[in-house]
There are 2 protein chains.
Amino acid sequence: MIESVKKACHIISCFSSEEPVLGNTEIAKKLGMNAGTTHHLVTTLCNEGVLIRDHNRRYRLGWKLLEWNNNVMFQQDIYDKAIPLVKELIHRFVGTAHIGMFDKGEVVFVLKVSSQEASPIHTYIGSRKPAYATSTGKVLLSYNSAYLQETISRGLSMQAPNTITDINKLKKDLEMVRKVGYSVSNNENSTGTYGIAAPILSYSGKTIAAVNLVGPVSYMQGSNRSMIIQSVINTAQSISQELGYIEV
Amino acid sequence: MIESVKKACHIISCFSSEEPVLGNTEIAKKLGMNAGTTHHLVTTLCNEGVLIRDHNRRYRLGWKLLEWNNNVMFQQDIYDKAIPLVKELIHRFVGTAHIGMFDKGEVVFVLKVSSQEASPIHTYIGSRKPAYATSTGKVLLSYNSAYLQETISRGLSMQAPNTITDINKLKKDLEMVRKVGYSVSNNENSTGTYGIAAPILSYSGKTIAAVNLVGPVSYMQGSNRSMIIQSVINTAQSISQELGYIEV
DNA sequence: CTTACAATTTCATAATGTGAAATTATCTTA
DNA sequence: TAAGATAATTTCACATTATGAAATTGTAAG
C-alpha cells in the first residue's frame, strides 16, 4: 500500500461535476492533508497530464484521463461486441439500455444507449447504483452469492417507493430471477422507471454482466411487455455468444 | 516530483488497446522497474479500483478510470455547450465532426460525432494526431506561436501523401489560415480524407480549441464545399459565443 | 497601500518506498 | 504426474523520498 499513490488517487477523485476546478488548499482541506504535501502531489499529477493548472493556479482534470479511459473501453472485450446488439434493442423499443457490471456492492454502468425519444435517465457511463435496487444489479446478485454477501453487508436502504430493503424478500426475488432468467425493477431505484434485465455470460458460463432496458413504468408494463422481456433476454444471449459462451 | 506517483501513472499508461491485459513482470520489464516495486504499486492501484486483478493474477484497467473520465467530460465547459451545435453540423452534411485541443505538439480529440452514413474515421475521444497534419491542429497552431514552436521542435514527418513537412511551407499555410479564418487538410493526415476546421475562442478571445468536419476528399471538395466551410465557421462561432466570447 | 489569504518553497526529520533475494504459485513439457 | 521453468508475491535492511511546519512569495480585495 503505497501512500503517495493512494493520496494521488484521492486527489483525482476530489474533482466532480459539482466541483470541476479546485485550488491547492481546497484539495488539502477536503482530504485533511498538509498543503505542502498536496502541492507536491498536484504538481506531479500536472506533469503527467492527469491534472491541468489554470492561469489562476487552480486545477482541473486533464487529458491523460481521456486517454486512459479509452483503453478501459477497448480492454472490455464485452464492449465492442455488445454495442451493435444493444443498439438493436433501443431501435426496437423506446427507452434506455445499459450494460452493468458488479463492483463493491454496486452496479457500474459500462455502457448506456438511448433511443432518440427516450425520457432522460439519470445514469452515465461509470456511474453507480446500489445493486439490490436495480434490474441489472439483481441479475448479477442472483447468480453470485459472493456478490450478494458483499451487497448485504453494506446494508439495504430505501431508494424509491418499491426498493426491497428486507434481506429475505430480496433473496426470494433473486430466486425468482434465477428461475425465469430475467429481473424486473419496478419503481425500486428511481420513481417512475421500470427496468428489465438479463444476464450476460462469459465463455465459461459465468455471469459477468447484465443488459437492461429502462423506461417509464406505463410503457414498460404496457402491451409489449412480454416482447420487451424476450428481446432483452435475446440480446443478452447474443452478447454471451459473441463472447464465446456456448449454450448447453 | 513524487516518484511513486509518476511510476503509477506510467503503469496505467502501459495498458492499451493492443495490450489490455498485463502481468506484473511484463509491466516491470516494459518500464525497466523492479518486479517487487511494481507489485507494490500495482497492488495499491488495485485497491483504489484503478486496476483490476484477474483470477490469473494479471491486470486490467479498472472502473475508477470510467468515473474519473466522466468528470473530465463534465468539467469541460466546452463539452456540454458544444455537443448540440456540433450535432447540427453532422445533420446538415455527411461526415465526422471533431473538437480538438492542443497538448504537447499534438491535437487531442475531446469530442467526436459522426453522421449515420459517414465512412469510418480512425479517431476516438482521447486519441491524438500530430498537430501540423490535421485541420484542427493547424487552426490551433496558427493562433499560438508557442504551440507552433513546441510542434516544430518535435519534428515534422510524412503522415499521408500531402503532409506538410517543410517548416516554411507550414508557416505559409498557417498565415493563410489566420487570414481566411479556417484551415483545410487535404490528404495530409490520412489518405483519402479531407478536413475543414475553424477556431473556438474563449471569453477572453484566445483560441482554445477547434471544430472540424472530416469526410472523403471527393465529397468535401464537391459542390457544397463553400457551404461546408461557412457552416464549420458558424459552428465554431456559435460555440465561442456559448463560451462567452463577444465578437468585437 | 495595506491586509488577508492562497500558493509555493524550504529543509530537517521520520517515514516510506526500494530492490535483491527468498518463497510460493502456476504453467509447460516430458 | 513430476520436474523444470517462469512468474507472482513476500520479506527485510537500507537509502531514498515524502512529509509538514514554517518561511516566503504571490494575488486579490478593500
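Chain identifiers are assigned alphabetically (A, B, ...) following the order of the sequence lines, protein sequences preceding nucleic acid strands; residue numbering begins at 1 within each chain. In this text, all values refer to a predicted model and were calculated from it rather than measured experimentally.
- For A/E3, the listed nucleotide lying nearest its side chain is C/dT16; candidates were C/dG19, C/dT9, C/dT16.
- For A/A35, the side-chain atoms get nearest to C/dT8 when compared with the rest of D/dT9, D/dA18, C/dT8.
- Closest-nucleotide positions on DNA chain C for A/V5 and A/G36 were compared, and the one nearer the 5' end corresponds to A/G36.
- Across every non-hydrogen atom of A/V177 and A/S183, the tightest pair is CG2-CB, 3.6 Å.
- When the side-chain nitrogen and oxygen atoms of A/Y59 are compared with OP1 and OP2 of C/dA6, none of them lie within a distance under 4.0 Å.
- No more than 12 heavy atoms of other residues, nucleotides or ligands shown are found within 6.0 angstrom of NZ on B/K171.
- In this entry the distance linking CD of B/E26 with C1' of D/dT9 reads 16 Å, nearest Å.
- Within the nucleic acid shown, A/K29 has no heavy atom closer than 4.0 Å to any nucleic acid atom.
- Among the atoms of the strands shown, only primed sugar atoms or phosphate atoms (P, OP1, OP2) are found under 4.0 Å from some heavy atom of B/K7.
- When heavy atoms are screened at a 4.0 angstrom cut-off, A/G23 is found touching the sugar-phosphate backbone but no base atom.
- Rounded to an integer number of Å, the gap from NE2 of B/H40 to C1' of D/dC12 is 10 Å.
- Base engagement by A/T37 is indicated by at least one non-hydrogen atom pair under 4.0 Å involving a base atom.
- Residue A/H39 contributes atom NE2, which lies 13 Å from atom P of D/dG26 at whole-angstrom precision.
- Side-chain atoms of A/R60 never come within 3.5 Å of backbone atoms of A/P20 as a donor-acceptor pair (strictly under, hydrogens ignored).
- Between B/R154 and B/E106 there is no salt bridge, since no side-chain N of the basic residue sits under 4.0 Å from a carboxylate O of the acidic one.
- The residue among A/T43 and A/S4 whose nearest nucleotide of DNA chain C lies closer to the 5′ end is A/T43.
- We find that CG of B/N34 is positioned 14 Å from C1' of D/dC14, with the value rounded to whole Å.
- In this structure, B/I2 atom CD1 and D/dG20 atom P are separated by 11 Å, rounded to whole Å.
- With rounding to whole Å, B/K6 atom NZ is found 13 Å from D/dT17 atom C1'.
- Residue A/N24 has no polar side-chain atom (N or O) positioned under 4.0 Å from OP1 or OP2 of C/dT8.
- Between B/R58 and C/dT26 there is no side-chain polar atom (N or O) within less than 4.0 angstrom of OP1 or OP2.
- Here the closest heavy-atom approach between residue A/G181 and residue A/A198 is recorded as O-CB, 4.1 Å.
- Taking atom CE of B/M33 as the reference point, atom C1' of C/dG19 lies 11 Å away to the nearest angstrom.
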